[in-house]
Amino acid sequence: MRKILLTVTLLLSFMYAEKLPDTRQLIVVTTQGWNDNSGRLQRYEKSHGKWHKVGQTIYIKLGRNGLGWGRGLHTIPKDARYIKKEGDGRAPAGIFELKQAFGYAPFDVKYPYRVYKETDHCVDDVHSKLYNKIVDSTKVKVDYKSKEHMKFPKNYYKYGVVVNHNHIDEAGAVPGAGSCIFIHIKDIPTAGCTVMDEKSIKEIIQWLDAKKHPLLVQGTEEVVKGLLHQVQ
């Protein structure tokens, strides 16, 4: 009996990388296969113990090479064929917390929102001490050669949401495991972000409620079915 209990305990420890928050909002992104670079996004909200769809399905683009297991609230399967790495052109699959929304100008929303400027960078240089952090380049010692500008002439980051993949903006980021993952505006596949039209991302930001601990669940249809069992 003790051996059985030990086995169950070990299995549970492998199943959950971190304790999931008591979420009442989900953004669920699904693709048909690991190498597909387009898919669907559906919002859900929990009320009275039951999940309900919110809004219409949004057609999205993501990593140009599809998906790879990311670093979030789940555990990466030992037999995973695709694991997210820096520069692989894959979007992260798994369960992820959402951090602040952001944009080029103020946006009157209740969800935490930051206005970024041209000198704000997201560092994707794996050799930098600031890897996977969003920094004001005028206030830090710049030790990086590669970065994402958080504001630039194109509208891609006019509105967006930070996805907590690989401990963005916090301790614990693993160099080379992927950085600077956002939900934002764009109409073609990306280096790893999930993207859509401006109207849709604005609706998402207006809907998000930090008190409901929103999560992103992203993967193939088969993977998402398994992941959703963890957030019921």
Report task. For Thr194 and Gln218, run side-chain hydrogen bond (donor to acceptor under 3.5 Å, both in side chains): C-alpha distance rounded to whole Å, both residues' side-chain angles, the deciding distance at 0.1 Å, then the answer. Result -> CA-CA 10 Å; Thr194 299; Gln218 183 163 266; 2.7 Å; yes

Query raised in the report: Under 4.5 Å between any side-chain heavy atoms of Phe152 and Tyr116, yes or no?
Result: no

Requested in this report: Taking all heavy atoms of Ile27 and all of Arg43, pick out the closest pair and write down the distance.
Outcome: CG1-CG, 4.4 Å

Query raised in the report: Heavy atoms, side chains only, cut-off 4.5 Å: are Ile168 and Val163 in contact?
Result: no

**Report entry** Check: Val231 and Leu26 side chains under 4.5 Å, non-hydrogen atoms
**Finding:** yes

Report task. Please answer whether the main-chain N or O of Ile95 pairs with a side-chain N or O of His74 as donor and acceptor at a distance below 3.5 Å. Result -> yes

Query raised in the report: Closest approach of Pro92 and Gly70, non-hydrogen atoms and distance?
Result: CB-CA, 3.8 Å

Query raised in the report: Phe102 and ring pair (Phe, Tyr, Trp, His ring centres under 6.0 Å): which partner among Tyr111, Phe182, Tyr159?
Result: Phe182

Report task. Provide the full list of salt bridge (Lys or Arg N to Asp or Glu O under 4.0 Å) pairs with a residue in residues 150-174, sequence neighbours left out, each pair given once. Result -> Lys99-Glu170, Lys158-Glu198

Query - 4.5 Å side-chain heavy-atom contact, Met196 and Ile204 - result: yes

Query raised in the report: Should Ser179 and Asp124 be marked as a side-chain hydrogen bond (donor to acceptor under 3.5 Å, both in side chains) after you check the CA-CA gap, both sets of side-chain angles, and the distance that decides it?
Result: CA-CA 6 Å; Ser179 62; Asp124 56 15; 5.1 Å; no

Query raised in the report: Considering the options Lys85, Arg90, Lys84, which one meets the side chain to side chain donor-acceptor pair (under 3.5 Å) requirement together with Asp88?
Result: Lys84

**Report entry** Test: Lys199 and Glu203 ion pair at under 4.0 Å
**Finding:** yes

Query - Asn132 (side chain) donor-acceptor with Cys180 (main chain) under 3.5 angstrom - result: yes

Query raised in the report: Quick one: are Leu215 and Leu98 in side-chain contact, heavy atoms under 4.5 Å?
Result: no

Report task. Just say parallel, tilted or perpendicular for the rings of His121 and Tyr144, cut-offs at 30° and 60°. Result -> perpendicular

Requested in this report: For Cys193, check disulfide bond (SG atoms under 2.5 Å apart) against everything at least two apart and list the hits.
Outcome: none

Report task. Measure across Thr23 and Pro214 and return the closest heavy-atom pair with its distance rounded to 0.1 Å. Result -> OG1-CA, 4.0 Å

Query raised in the report: According to the interplanar angle, ranging from 0 to 90°, do the rings of Phe107 and Tyr113 count as parallel (below 30°), tilted (30 to 60°) or perpendicular (above 60°)?
Result: perpendicular

Query - Heavy-atom side-chain proximity of Tyr157 to Asp120 below 4.5 angstrom - result: no

Requested in this report: Mind running salt bridge (charged side-chain N to carboxylate O under 4.0 Å, His left out) on Lys117 and Asp136 for me, showing each step along the way?
Outcome: CA-CA 9 Å; Lys117 53 190 182 300; Asp136 182 342; 3.3 Å; yes

Query raised in the report: Looking only at heavy atoms, what is the nearest atom pair of Thr220 and Gln32, with distance?
Result: CB-O, 4.3 Å

Requested in this report: Could you check if a side-chain atom of Trp34 sits within less than 4.5 angstrom of a side-chain atom of Val223, using non-hydrogen atoms only?
Outcome: yes

**Report entry** Minimum side-chain heavy-atom gap Arg40-Ile58 below 4.5 Å
**Finding:** no

Report task. Might you point out which heavy atoms bring Thr190 and Gly192 nearest each other, and give the distance in Å? Result -> OG1-N, 3.0 Å

Query raised in the report: Is there a donor-acceptor pair under 3.5 Å between the side chain of Glu222 and the backbone N or O of Gly33?
Result: no

Query - Flag, side chain of Gln25 to backbone of Trp207, donor-acceptor distance under 3.5 Å - result: yes

Query raised in the report: Taking it one step at a time, do Tyr131 and Glu86 satisfy side-chain hydrogen bond (donor to acceptor under 3.5 Å, both in side chains)?
Result: CA-CA 11 Å; Tyr131 179 71; Glu86 190 68 45; 2.5 Å; yes

